**Student:** 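Handing you this structure, nothing more for now.
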Amino acid sequence: MSRYSPAEIEAKWQSAWEESGIFKAQRDAARPKYYVLEMFPYPSGRIHMGHVRNYTMGDVIARYKALTGHNVLHPMGWDAFGMPAENAAMATGGHPKEWTYNNIAEMRAQMKPLGLSIDWSREFATCDPEYYGQQQALFLDMLDAGLVDRKNAVVNWDPVDMTVLANEQVIDGKGWRSGAEVERRELTQWFFKISSMAGDLLESLGDLDNWPAKVRLMQENWIGQSRGLQFSFDMVQDGFDPVTVYTTRPDTLMGASFVGISPDHPLARKLAAERPEIADFRQLCQKGGTTAEELETAEKLGFDTGLTVRHPLDPDWELPVWIANFILMDYGTGAIFGCPAHDQRDLDFCRKYDLPVVATFMPDDCEIAPDSMSDADFANDCIAKVKDESGTHRYFRIAKTAYVPPKDQKVKWINHFAGLKEATGQEAIDTTITFAEEKGWGEGKTQYRLRDWGLSRQRYWGCPIPVVHCSDCGVVPERKENLPVELPDDVSFDIPGNPLDRHPTWRDVPCPSCGKPAKRETDTMDTFVDSSWYYARFTSPHADTPTSAKDADYWMNVDQYIGGIEHAILHLLYSRFFARAMQITGHLPEKSREPFDALFTQGMVTHEIYQTRDDKGRPVYHLPEDVTDGKLADGTEVEIIPSAKMSKSKKNVVDPVNIISAYGADTARWFVLSDSPPERDVEWTAAGAEAAHKFLVRVWRMARDLADQRDAGVGELDKSLQDLMDSMQLGQNPLDDELLRTTHKAIDEVTKSIESFGFNAAIARIYTFVNTINKSQASARVKWTSMRVLAQLMSPMVPHLAEEIWAILGGEALLAKTAWPTPDDAMIQDNTVTLPIQINGKRRAEISVPTEMGKEDVEKRVLEVDAVKKALEGTAPKKIIVVPGRIVNVVI
RNA sequence: GCGGGCGUGAUGGAAUGGUAGACAUACCAGACUUAAAAUCUGUUGGGCCUUGUGCCCGUGUGGGUUCGAGUCCCACCGCCCGCACCA
């Protein structure tokens with residue numbers, strides 16, 4: 001072969017690896033195991049550059065770990081349930097199953113040419129009955145263990161598609177597909193009791209040292225722990241229960257001006273049953289969008305029930321009870337007390353409904369308003385009314401906005417029931433909780449934002465929930481011997497709604513308990529369930545239980561998990577919950593409570609966007625391959641919009657399949673690793689890809705040239721770096737010594753970079769190494785060995801080219817089976833070191849000294865340097881700082 | 001609003017508090033060529049002159065700590081991300 005031909009060599013080595021079976025993982029107690037996992041893909045049918053980057057990073061780790069003596073598990077599968085398959089079936093009339101399995105076949109065919117070191121024998125799709133059957137078994141065990149719940153929940157209901165929609169599927173209050181007005185409906189749904197583990201999920205974040213701090217923080221915020229006080233207001237009117245509220249700022253209790261309850265609060269429901277105007281108000285609150293922005297900008301609505309409650313600390317003080325749309329039923333107790341002086345939201349509400357504003361403490365710069373002023377004078381200001389010792393009201397101007405009490409700053413209290421005069425917010429909160437607990441009218445409580453995980457979906461293409469509804473026995477779990485509850489194939493999608501609902505022969509079954517006619521649950525599981533335990537299933541993908549103990553014990557945990565930051569919260573939190581649940585139900589060992597020892601979140605692949613405008617000024621996008629030098633084929637100039645995530649709609653996509661056929665997989669792999677740190681976005685540029693390719697060609701040619709020299713009779717060559725070191729004498733040929741040192745240093749630095757996920761740094765180091773070998777005048781023998789080390793160092797990133805070079809340079813076995821080279825400490829250490837000399841912190845000269853030279857000797861040498869003498873002008877320096885091996889600073 | 005992160009050449013980006021700009025792209029120049037492409041070699045932060053082993057400036061802005069700051073601290077400006085009626 002006289003030309004680098006990726007198509008040829010990549011196919012060749014891929015089949016060599018396959019024949020040797022080296023990527024097949026088997027338990028081996030003699031070697032340390034290493035489980036590397038990339039987040040498995042949804043089978044959309046096409047791989048994209050993001051996949052290439054994600055899987056290449058995992059492959060670098062997997063291959064590197066294998067070369068360093070680990071028994072590596074590196075599996076791949078498909079997150080195959082979900083709506084796109086059903087949408088495709090509705091659009092084109094096919095079947096979700098067929099669509100999904102076709103896509104999997106296509107994607108696998110696109111992925112295999114990347115040469116990933118994956119154990120394909122473990123491949124599965126979550127829509128395989130073998131997989132979801134075990135998921136059903138797991139569900140039943142969780143049900144048994146009390147980790148599953150069935151309760152009512154308010155959902156977004158699309159009345160046309162007859163299904164529940166996720167919040168992000170509701171656009172402007174309408175279903176994203178049907179365009180129908182979305183209703184909020186209360187349905188009985190299945191839930192995983194994830195909130196029961198909130199405290200543990202939060203605390204254990206502290207142990208995840210090898211997770212990005214950002215992800216841990218996001219999870220922490222999501223779980224949302226808060227400490228506060230729960231207590232009740234007694235109702236003045238007869239026949240009503242006390243209203244229990246939760247507050248994180250009990251210290252502001254004397255600033256209360258109303259009690260608010262959620263429209264879904266039991267009291268609101270009770271009142272609505274009797275009073276139609278309250279029923280109307282509740283309905284008004286249920287309308288309106290559910291998206292984040294709509295909720296944010298929604299106007300605060302309140303309804304005065306006319307009822308009043310007593311302040312717990314002052315029986316004469318009565319507060320009105322309002323129903324307010326901004327109070328959530330599923331946080332805290334669904335009821336609050338409003339403290340407008342110290343909470344912006346409450347202030348907005350009180351302004352709108354003309355409720356009093358009472359301050360409990362003041363910032364230092366607060367002014368006392370003249371007594372003659374009235375509320376009206378402060379229409380646009382936040383004012384606070386305070387009862388002083390004599391019982392008269394005075395007004396204080398506090399600020400334009402509510403004065404939110406700082407937790408860590410001391411403030412002056414105007415009126416605190418536990419007698420505080422000056423304290424920080426936190427001290428006041430703690431004091432208040434203790435005070436309330438001592439007096440017996442309240443209780444300190446820890447609250448979480450995290451809610452239970454609703455898993456019911458009114459969908460066909462998902463894992464059936466394995467229970468049966470019997471009119472006599474109620475909800476009955478399916479018997480395990482009847483699993484899997486398989487999805488029926490004979491369904492159609494021409495009518496809206498869940499086909500399972502209208503499939504009598506599937507739906508109507510005898511009750512597993514009493515045998516009478518009953519109905520299957522027709523909801524299927526959220527697809528997040530499928531991805532919450534697949535990592536455990538990979539350890540024994542064909543076991544007839546969810547996992548097998550031996551395999552799970554050996555392979556768990558995932559040593560390195562790699563995926564996108566977009567899964568920082570839900571997928572990872574759900575997986576952490578499942579690992580705990582699987583441990584409770586005996587499917588995972590104790591050590592797997594946290595399933596992912598290390599997590600790495602990689603950045604996206606981005607590309608410039610090329611845009612022109614049509615005659616109406618609307619943007620028209622162009623594919624990168626249609627643009628040359630900023631122009632289309634017909635010469636039209638395109639506007640270049642800076643890099644953004646590759647997306648089909650913006651046409652800034654580069655298809656990996658095209659890149660592989662043009663340059664080969666190694667070029668694609670090399671480029672996605674080379675240009676940016678792995679955690680950051682990498683911009684795909686045609687020039688960059690071209691350059692990566694040129695570099696690989698150059699390395700290939702260097703190996704080829706060396707091989708030609710051997711053929712021309714250079715002589716015997718060494719098998720390994722060690723052999724070379726053992727048989728040659730250092731100090732005979734300085735050029736040889738130098739190249740050898742460089743080789744050892746390259747090994748050292750590339751190893752460190754790979755270990756720390758610095759793939760771009762490893763590649764930069766390899767560039768330098770190649771340039772050095774290229775220019776070196778060392779003997780062919782040493783160059784030969786350096787080149788073979790180079791192949792080893794490059795092999796995790798560009799495995800095919802590395803194997804090829806290895807073979808060209810006389811490698812007998814597969815490079816993938818060799819041991820990673822180790823640097824020799826003595827060779828990394830230099831005998832002399834160049835010390836920059838600073839004068840008053842500015843670099844002025846440099847000297848070369850023996851590495852081990854003492855500080856005093858270095859100082860002496862420094863004082864002899866011309867530049868230093870000149871600067872000193874005969875005087876003595878104030879100070880000389882010598883940082884051994886680093887720098888010298890002369891202070892004058 | 002709350003929380004977090006980031007600002008370095010024309011560009012992507014390097015720099016355990018110790019020579020700022022590694023490595024790559026792009027550009028320019030040279031070699032090879034009838035020519036181009038490819039390949040190889042070299043230059044490239046800005047400014048100044050006395051062209052040196054020279055000097056001054058330079059990591060968003062302004063301060064501070066330090067012998068020494070891209071790095072640490074404070075304030076500000078800009079950008080990005082996450083969360084958000086959470087009581």
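Numbered from 1 within each chain, the chains take letters A, B, ... in sequence-line order. All values below were derived from every heavy atom in this structure, side-chain atoms included, with hydrogens, water molecules and symmetry-related copies excluded. Computed from a prediction, not measured in an experiment: that's the story for all the values here.
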**Student:** If you take atom types as modelled and just measure distance, does the side chain of A:Lys879 reach the base of B:C67 with a donor-acceptor pair under 3.5 Å?
**Tutor:** no
**Student:** Regarding A:Asn771, tell me which of base, sugar-phosphate or nothing describes its non-hydrogen contacts under 4.0 Å with the strands shown.
**Tutor:** sugar-phosphate
**Student:** Tell me the interatomic distance from A:Gln225, atom CD, to B:C2, atom P, rounded to whole angstroms.
**Tutor:** 21 Å
**Student:** Syn or anti for B:G4, taking syn as within 90° of 0?
**Tutor:** anti
**Student:** Between B:U71 and B:G3, how many Å separate the two P atoms, rounded to a whole number?
**Tutor:** 24 Å
**Student:** Mind checking ring pair (Phe, Tyr, Trp, His ring centres under 6.0 Å) for A:Phe191 and listing every partner two or more places apart, or none if nothing turns up?
**Tutor:** none
**Student:** Could you say whether A:Thr685 or A:Asn840 is positioned toward the 5' end of RNA chain B, judged by the nucleotide with the nearest heavy atom to each?
**Tutor:** A:Thr685
**Student:** Should the side chain of A:Arg345 and the base of B:A87 be counted as holding a donor-acceptor pair, with the cut-off at 3.5 Å?
**Tutor:** yes
**Student:** Between B:U66 atom C1' and A:Ile881 atom CD1, what is the distance in whole Å?
**Tutor:** 9 Å
**Student:** Closest-nucleotide mapping onto RNA chain B: is A:Ala764 or A:Ile336 further toward the 5' terminus? I mean the 5' end.
**Tutor:** A:Ala764
**Student:** Between P on B:C81 and CE on A:Met604, what's the gap in Å once rounded to a whole number?
**Tutor:** 8 Å
**Student:** Which is true for A:Leu217 with a 4.0 Å heavy-atom rule: it touches a base, it touches only sugar-phosphate, or it touches nothing?
**Tutor:** sugar-phosphate
**Student:** Can you confirm if the aromatic rings of A:Phe769 and A:Tyr767 lie within a centre distance of less than 6.0 Å?
**Tutor:** no
**Student:** Just compare B:U25, B:C23, B:U19 and give me whichever is closest to any side-chain atom of A:Thr768.
**Tutor:** B:C23
**Student:** Which listed nucleotide (B:G82, B:A87, B:U41) is nearest to the side chain of A:Leu328?
**Tutor:** B:A87
**Student:** Taking only residues two or more places apart in sequence or in another chain, which ones pass side chain to side chain contact (heavy atoms under 4.5 Å, CB included) with A:Ser257?
**Tutor:** A:Pro340, A:Cys350, A:Pro356
**Student:** Restricting to salt bridge (Lys or Arg N to Asp or Glu O under 4.0 Å), what partner residues turn up for A:Arg886, sequence neighbours left out?
**Tutor:** none
**Student:** Should the pair A:His607 and A:Tyr610 be assigned to parallel (<30°), tilted (30 to 60°) or perpendicular (>60°) ring geometry?
**Tutor:** perpendicular
**Student:** Quantified in whole Å, what is the C1' atom distance between nucleotide B:U59 and nucleotide B:A69?
**Tutor:** 11 Å
**Student:** Find the distance A:Arg698:CZ to B:C23:P and express it as a whole number of Å.
**Tutor:** 12 Å
**Student:** Between B:G45 and B:U39, how far is it from one C1' atom to the other, in whole Å?
**Tutor:** 29 Å
**Student:** Encode nucleotides 12-17 of chain B as B, S and - characters from 5' to 3', where the letter depends on protein heavy atoms closer than 4.0 Å: B to the base, S only to sugar-phosphate, - to neither.
**Tutor:** SSS-B-
**Student:** Report the residues that fulfil side chain to side chain contact (heavy atoms under 4.5 Å, CB included) with A:Ala762, sequence neighbours left out, ordered by chain and then residue number.
**Tutor:** A:Val750, A:Ser753, A:Ile754, A:Met797
**Student:** On a whole-Å scale, what distance lies between the P atoms belonging to B:C79 and B:C28?
**Tutor:** 34 Å
**Student:** For the side chain of A:Arg449, starting at C-beta, report the closest nucleotide among B:A84, B:C67, B:C85.
**Tutor:** B:A84
**Student:** Can you check the distance between B:C80 and B:G60, where both ends of the measurement are the C1' atom (answer in whole Å)?
**Tutor:** 15 Å
**Student:** Whole angstrom is fine here: how far is it from CD in A:Glu690 over to P in B:U11?
**Tutor:** 23 Å
**Student:** Inspect the surroundings of NZ in A:Lys352 and state if more than 12 heavy atoms from other residues, nucleotides or ligands are less than 6.0 Å away.
**Tutor:** yes
**Student:** Just checking, is any N or O donor in the side chain of A:Asp825 or A:Gln829 under 3.5 Å from an acceptor N or O on the other one?
**Tutor:** no
**Student:** Using the C1' atom in both, what is the distance from B:C55 to B:C6, to the nearest Å?
**Tutor:** 35 Å
**Student:** Taking the P atom of each, how far is B:C56 from B:U8, in whole Å?
**Tutor:** 26 Å
**Student:** Extract the stems that RNA chain B is part of, considering only consecutive pairing runs of at least three Watson-Crick or G-U wobble pairs, both distances under 3.5 Å.
**Tutor:** B:1-7 with B:77-83, B:10-12 with B:23-25, B:28-31 with B:39-42, B:45-48 with B:54-57, B:60-64 with B:72-76
**Student:** Would you please classify the geometry between the A:Tyr353 ring and the A:Phe349 ring as parallel, tilted or perpendicular, with 30° and 60° separating the classes?
**Tutor:** tilted
**Student:** Could you work out, with side chain to side chain contact (heavy atoms under 4.5 Å, CB included) as the rule, every residue matching A:Glu639, not counting sequence neighbours?
**Tutor:** A:Gln611, A:Arg613
**Student:** Going by the rule ring pair (Phe, Tyr, Trp, His ring centres under 6.0 Å), which residues pair with A:Phe528 if we only count those two or more places apart in sequence or in a different chain?
**Tutor:** A:Tyr574
**Student:** Between A:Tyr767 and B:A24, is there a side-chain N or O to OP1/OP2 distance below 4.0 Å?
**Tutor:** no
**Student:** With no hydrogens and no angle check, just 3.5 Å: does a side-chain donor-acceptor pair link A:Ser226 and A:Tyr246?
**Tutor:** yes
**Student:** Return all side-chain donor-acceptor pairs below 3.5 angstrom for residues 836-846 of chain A, not counting sequence neighbours, or 'none' if the list is empty.
**Tutor:**
| residue | atom | partner | partner atom | Å |
| --- | --- | --- | --- | --- |
| A:Asn840 | OD1 | A:Ile892 | N | 2.9 |
| A:Arg843 | NH1 | A:Glu846 | OE1 | 3.3 |

**Student:** When you get a sec, tell me which of B:G18, B:U41, B:A24 is the closest nucleotide to the side chain of A:Ala691?
**Tutor:** B:A24
**Student:** Does A:Phe303 have any ring pair (Phe, Tyr, Trp, His ring centres under 6.0 Å) partners at least two apart in sequence or in another chain, and if so, which?
**Tutor:** A:Phe281
**Student:** Which letters describe nucleotides 44-54 of chain B, given B = protein heavy atom under 4.0 Å from base, S = only from sugar-phosphate, - = neither?
**Tutor:** -----------
**Student:** In whole Å, I'd like the distance from the CZ atom of A:Arg765 to the P atom of B:A24.
**Tutor:** 12 Å
**Student:** What is the distance, rounded to the nearest whole Å, between atom CE of A:Met329 and atom C1' of B:A87?
**Tutor:** 13 Å
**Student:** Any pair with a residue in residues 680-689 of chain A that passes side-chain hydrogen bond (donor to acceptor under 3.5 Å, both in side chains), sequence neighbours left out, goes on the list, sorted by first then second residue, please.
**Tutor:** A:Ser643-A:Glu683
**Student:** What nucleotide, of B:A38, B:A87, B:C83, holds the atom closest to the side chain of A:Lys694?
**Tutor:** B:A38
**Student:** By nearest atom, which of the nucleotides B:U41, B:U19, B:C86 is closest to the A:Asn774 side chain?
**Tutor:** B:U41
**Student:** Using the P atom on both, measure B:G62 against B:G9 and round to a whole Å.
**Tutor:** 15 Å
**Student:** Under 4.0 Å between any heavy atoms, over every strand shown, what does A:Tyr246 touch: base, sugar-phosphate, or nothing? Just pick one.
**Tutor:** base
**Student:** Nearest-Å distance, CD (A:Glu749) to P (B:C23)?
**Tutor:** 12 Å
**Student:** With sugar-phosphate meaning primed atoms plus P, OP1 and OP2, does A:Ile763 contact a base, only sugar-phosphate, or nothing at under 4.0 Å between heavy atoms?
**Tutor:** nothing
**Student:** Measure from the side chain of A:Ala687, starting at C-beta and using heavy atoms only, and say which of B:C81, B:G68, B:U25 lies closest.
**Tutor:** B:U25
